[in-house]
Amino acid sequence: MSKPSLPQGTRDFGPVVVRKRNYILQTIRTVFELYGYEPLETPAMENMETLLGKYGDEGDKLIFKILNNGLSDAKNIEKGKAAFENVLLGKNDKNLTERALRYDLTIPFARYVAMNYGQLALPFKRYQIQPVWRADRPQKGRYREFYQCDADVVGSKSLINEVELCIIYATVFEQLGIDVTIKINNRKVLAALADVTEANDKFTAITVAIDKLDKIGIDKVKEELAANGLQDKQIAVIEKYISITGNVSEKLQALQILIGQSESGKAGIEALQYVTDSYLQYTGKQNLELDTTLARGLNYYTGCILEIKANGVQMGSIGGGGRYDDLTGLFGVPNVPGVGISFGVDRIYDVLEELNAFPAFTNSSTQVLFFNLGLQESSAAFTQMQLLRKSGISCELYHENAKFDKQFKYAEKKQIGHIVIIGTKELEQNVANVKNLTSGKQQTVPFSELATYFSNL
RNA sequence: GUGGUUGUAGCUCAGUUGGUUAGAGCACCAGAUUGUGGUUCUGGGGGUCGCCGGUUCGAGCCCGGUUAGCCACCCCA
């Protein structure tokens, strides 16, 4: 038998890692609930037609497809062979695969809203924390199976939602102890830029290029724009745009001059003005930054777009989101606008690890280990242990009568803070010897006071 | 999908121009030590050198293929 292994790009999460991840997820979940968002879960797999065509050509290639069952049945063999020929041509065929693993949480959410539109109390605010799958090649911070952690509100055009989502970001990262900058921009501003540049047909190319500014620098951006067929005159306008600097109001003023005459530009500037003003008014924080070069790849965004940068850490964005006008239109229910945000759990984990910012309690769940010193002794220990457990103190009894050395090492390895020794001497007097493994101090505690002793630690 | 790089004990890694029986540290097990761990000492178990093939009298080392990890590009979280 060959060595067991994992599929490419997937991971096991051991006890220590799960505990730390749960801490992150629980923090996010609690804040979502605090702001009135409701939980939703959707299946790991969706029908192929639900997913295809929603993420662009690149996206379609990265969808994990599920092979149909029963292909070897006599009646299916011919259909299967024909379907396979289709697949070899790069097409999809229902006779070979009609289901696929979900690629993100937003499209399944849109599908859910479209299916339940009549029953939902609008606006519908939901959060969803589940894994998604992509047939991408793994690299740093990038996996084939990873968790997304989304909050969206659909059925409302109000910019109050944008403001609240920014505050949710700020609250979560404050609770996690990560100093962040929330970057905001608006796709309408970008559309206006394409408009005044007279390059509406090159909108995607422009956004993709300027999004890379901080990564590759202005010269490479200009090269990329030229490679995409933009004239020098047009590139000059774009250069003017990405050179905008200053604080929020200075940037907005500069935008006003550059693209304020365009309908779309005006709307985008107004939205940015409102969201940044309100955010400052409600939080008093200065960490919401207008970043005119923020573009974000996903093409369904139509309004404000957001991205989170952790300060003082070398790491890509740890969250992002934005407004989309008509996602459910893809499923036959038009005119349901929405806006949402997403947390990058894996990267947040890496940031906390790098900052050494996980709280101590994430290290171990067991607080107390009862030593096993024989049949009589361990029986008494078990009785005391159950009393502690009733008081909410997590504890365990060493599984067999082993040497002290072994029992100590077990406690040490599991980072259990205290051990309890009940031997024949202690048994006679109804007391236990309690040792704090961190300080090395030991004291004798009567059985009747054990629970109070540990509760008061 | 394209390219680079790595794969030797549970973990981190040595291994000379190809040459007897592949090593170290940590971890593990046993003893010194039958009710007080973390230190120390002694001994021990553990390997298809990722996998398949080729060159050679002889391959951990050279060549080809393959697979997995890591990294970069495309794209994205």
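Chain identifiers are assigned alphabetically (A, B, ...) following the order of the sequence lines, protein sequences preceding nucleic acid strands; residue numbering begins at 1 within each chain.
- Under the Watson-Crick or G-U wobble criterion, with both distances below 3.5 Å, B/U42 is paired with B/A30.
- Residue A/Thr424 is classed as a base contact, given a heavy-atom separation below 4.0 Å to a base.
- Between the side-chain ring of A/Phe146 and the base of B/A77, a stacking contact exists by the 5.5 Å and 30° definition.
- The nucleotide whose nearest atom lies closest to any side-chain atom of A/Val208 is, among B/A27, B/C75, B/G37, B/C75.
- Aromatic ring centres of A/Phe370 and A/Phe382 lie farther apart than the 6.0 Å criterion allows.
- Nearest nucleotide to the side chain of A/Phe408, out of B/U36, B/A72, B/A77: B/U36.
- Across all strands shown, A/Lys435 has heavy atoms under 4.0 Å from base atoms, whether or not it also approaches the sugar-phosphate.
- Shown here, B/G1 forms a base pair with B/C73; the pair counts as Watson-Crick or G-U wobble because both key distances fall under 3.5 Å.
- Among the heavy atoms of the strands lying under 4.0 Å from A/Gly141 is at least one base atom, whether or not backbone atoms are also near.
- Under the 3.5 Å distance criterion, the side-chain polar atoms of A/Glu449 are left unmatched by any main-chain donor or acceptor of A/Pro446.
- A/Leu373 has its side chain within reach of A/Ile421: a pair of non-hydrogen atoms, C-beta onward, lies under 4.5 Å apart.
- Base contact: A/Asn433 has a heavy atom under 4.0 Å from a base atom.
- When heavy atoms are screened at a 4.0 angstrom cut-off, A/Gln407 is found touching no nucleic acid atom at all.
- Across all strands shown, A/Glu145 has no heavy atoms under 4.0 Å from either base or sugar-phosphate atoms.
- Not a single donor-acceptor pair, N or O on each side, falls under 3.5 Å between the base of B/G69 and the side chain of A/Gln139.
- Counting any heavy atom pair closer than 4.0 Å across all strands shown, A/Gly321 reaches no nucleic acid atom.
- Between A/Tyr103 and A/Phe64, the distance from one ring center to the other does not fall under 6.0 angstrom.
- Among the protein residues, A/Gly344 comes within range of no part of the nucleic acid, since none of its heavy atoms lies under 4.0 Å from any strand.
- Distance CG (A/Leu62) to P (B/A77): 11 Å, rounded to an integer number of Å.
- Here A/Tyr143 lies in heavy-atom contact (under 4.0 Å) with a base.
- Contacts of A/Leu437 with the nucleic acid, taken as non-hydrogen atoms under 4.0 Å apart, include base atoms.
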